[in-house]
There are 2 protein chains.
Amino acid sequence: MDTSPEWIAVDWTPVRRRAWAMRGDTVLDTVTQVGPVEAARPAEALLGLISVFLSDAPVDVMTCGTLGPVGASVPCEPLSDGAWSVDIGDVRVWLRGVSGLRQKQPVDMMQGDETRVAGFLALNTDWDGVICLPGEHSRWIHVSAGEIVSFQTFMTGVVAATLLDRAVPDARAARVDGVTFSEAVGDAIAKPERVMARVHSIHAEAVLDGLQPEIARARLLGGLIGSELAAARPFWLGQQLAVVGEGELAQLYVDALGAQGAPAALADEPRVTRAGLATAWRTLAAAP
Amino acid sequence: MDTSPEWIAVDWTPVRRRAWAMRGDTVLDTVTQVGPVEAARPAEALLGLISVFLSDAPVDVMTCGTLGPVGASVPCEPLSDGAWSVDIGDVRVWLRGVSGLRQKQPVDMMQGDETRVAGFLALNTDWDGVICLPGEHSRWIHVSAGEIVSFQTFMTGVVAATLLDRAVPDARAARVDGVTFSEAVGDAIAKPERVMARVHSIHAEAVLDGLQPEIARARLLGGLIGSELAAARPFWLGQQLAVVGEGELAQLYVDALGAQGAPAALADEPRVTRAGLATAWRTLAAAP
């Protein structure tokens, strides 16, 4: 059996880079790098990431994320900007990538999630609604008739990591108490302006009263996700919803939405990302 | 002239430690350490901080901050808990400190600001109102008839530093455009739930449209401080106000409050801190 990849899928962000060795839609192998990019030049870092997949034969590489430029403005199709390509000085690698998208008002941008929308639509033909993509940056994307209509990005994950670290470091790895989380989400949606005031109270209860880590983490994450839901209400109210993510964070968003009477389908993010890159590879890599 | 200190004033936090060599209320010398505590034991770190002030003669050291315990619950006088003392194994140093205060509902705590309230009241006899202390943690303290009635702590400074770092790193050291700042404060007070949504928009404008650093920083800080003002409204509305702080951040709080029709007097934080420690030294160090 030939185990060499037909093509390589890459999702590239400043904090995590993943590559999949692919044959059609089948994953042959996976590599992940977490943390800042260490190589001086992006091309060098990319070759380092995918080196275990390379043989003497040339291979297509299709990327999404922050390696490439930001292109078209919404409303537009997720892959409407075509693929960029660049010679990275290695004859084995034909590097192409999906351009990011921008929004004019309110100004916003995405680099990678346009590919996940393409993947979600490839897996769910003719789907209309709102896709929520939780993470360090969480993003709400309104999709209609195959186009991205509008979107909004929140830095909830960045703020949550900092506040867990500074307010309740012992709770960073605690499980989340479900009942407390739902209550905190509800409180935050009702009074979003009070969320930041509550964080130091959680810290003080942890120090003075021995607040349990699973309660502390549930209150902090529930407050921040609830605050995001309050601001993102126009996106999720009365819409068909999908959360594209994985692990605990994605489930927390599904739970938070469900508790507001807004049921969301959960789609596995790595599968959706690969489906988007496969769509890009098939439709864009054939272009000149 | 004898230049050896009569006593040493110390303000101790995990991120900054300051010591003043004092003769009565006069400052003879100052040292500051910024960053995490490096010594393994607090006593060792304290001796390191004040070592330049020490001679063979014994000296009183009066501290506030996170070296000591959290004591009494408000409402109470700022120094009502007496002074703790500890033998740090150096015959030259008689170490005492002001205990922090706690609040039962909503649970909160302070370690250091109780001393600043005592200092402010020593400099402003019979003052009633609300004292705002901006910083990494900002705190609003309601003072009446010489007692701390209630308080609330916000982690605005911590969140601002992280978001500047992640969203607009080029703007970290920019000056703040005043008009933009006031507008951002007003927007945030009107719609506090939208502040977190706006942060990524600032990032996108910086990347895509070359948003000027002084505009980016003004919008980010205005949004976060305005959001804090929205939550702290019961503290500042219709109250006599003082901001105890220094530098740009204190002036931004004064400006933000002023733009809401709530004029605040600005008091120099190091002077207020030393006045509080001097009061503690005179009233508490004499106790057994």
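In what follows, chains are A, B, ... by sequence order, proteins preceding strands, each numbered from 1.
When the candidates B:Ser227, B:Ala230, B:Ala204 are compared by the number of heavy-atom contacts under 4.5 Å with chain A, B:Ala204 comes out ahead. Of the listed residues (B:Val70, B:Ile202, B:Val158, B:Leu224), the one with the most heavy-atom contacts under 4.5 Å to chain A is B:Val158. Among B:Pro192, B:Ala197, B:Ala167, the residue with the largest count of heavy-atom pairs under 4.5 Å with chain A is B:Ala197. Chain B forms the most heavy-atom pairs under 4.5 Å with one residue out of A:Arg166, A:Gln103, A:Met196, and that residue is A:Arg166.
Proximity to chain B is absent for every atom of A:Ala161, based on heavy atoms less than 4.5 angstrom apart. In this structure, chain A has a heavy atom under 4.5 Å from the side chain of B:Val207, while its backbone stays farther away. If you measure heavy-atom distances from B:Ala232 to chain A, you find no contacts under 4.5 Å at all. In this structure, chain A has heavy atoms under 4.5 Å from both the backbone and the side chain of B:Glu205.
Evaluation of the side chain to side chain donor-acceptor pair (under 3.5 Å) rule for A:Glu147 yields no partner, not counting sequence neighbours.
Inspection of non-hydrogen atoms places A:Glu136, A:His137, A:Arg139 of residues 134-144 of chain A under 4.5 Å from chain B.
Sorted by first and then second residue, the side chain to side chain donor-acceptor pair (under 3.5 Å) pairs with a member in residues 154-165 of chain B read A:Thr162-B:Thr162, B:Thr156-B:Glu228, B:Asp165-B:Arg172; sequence neighbours excluded. Identified under the side chain to side chain donor-acceptor pair (under 3.5 Å) test for residues 182-203 of chain A, with sequence neighbours left out: A:His200-B:Asp108.
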